[in-house]
Amino acid sequence: MSSRAGNEVARLRRLKRLAARHGLAILVATKPSSKVAEGGYMLTEDETRKVLLGDRPQPYSASLDAIEAHLDQLLAED
């Protein structure tokens, strides 16, 4: 595993922990598909499964950068 790949995995773990504190979950596209966009992630509410980020224009279209920005905004509101 390259150093960059390791950093992305660690970043995803950190963001998942942060999302869980706010009752959110980060879903990862696991199967390659033409229906899945470039980003590969969605941010959802745990209880309702409502998609907050990454469902438009295609499923799993959010990037880790976009999810991190959204979570940072939630932290700023607290």
Heavy-atom pair with the smallest gap, counting every atom of L43 and A19: CD1-CB, 4.3 Å
Applying salt bridge (charged side-chain N to carboxylate O under 4.0 Å, His left out) as the test, list every pair that has at least one member in residues 12-29; sequence neighbours left out. R14-E68
Mind checking the CD1-CG spacing from I67 to L24? Nearest 0.5 Å is all I need. 10.0 Å
Distance, nearest 0.5 Å, that separates CD1 of I26 from CG of L52: 11.0 Å
State which residues pass side-chain contact (heavy atoms from CB on, under 4.5 Å) with [X]; sequence neighbours excluded, sorted by chain then number.
{"X": "A69", "result": "none"}
{"X": "A20", "result": "none"}
{"X": "E77", "result": "Q73, L74"}

If a pair satisfies side-chain hydrogen bond (donor to acceptor under 3.5 Å, both in side chains) and one of its residues is in residues 48-57, list it, with sequence neighbours excluded. E45-T48
Who pairs with D65 by side-chain hydrogen bond (donor to acceptor under 3.5 Å, both in side chains), at least two apart in sequence or on another chain? R11
Got Y41 and L12 here, is their nearest side-chain heavy-atom distance under 4.5 Å? yes
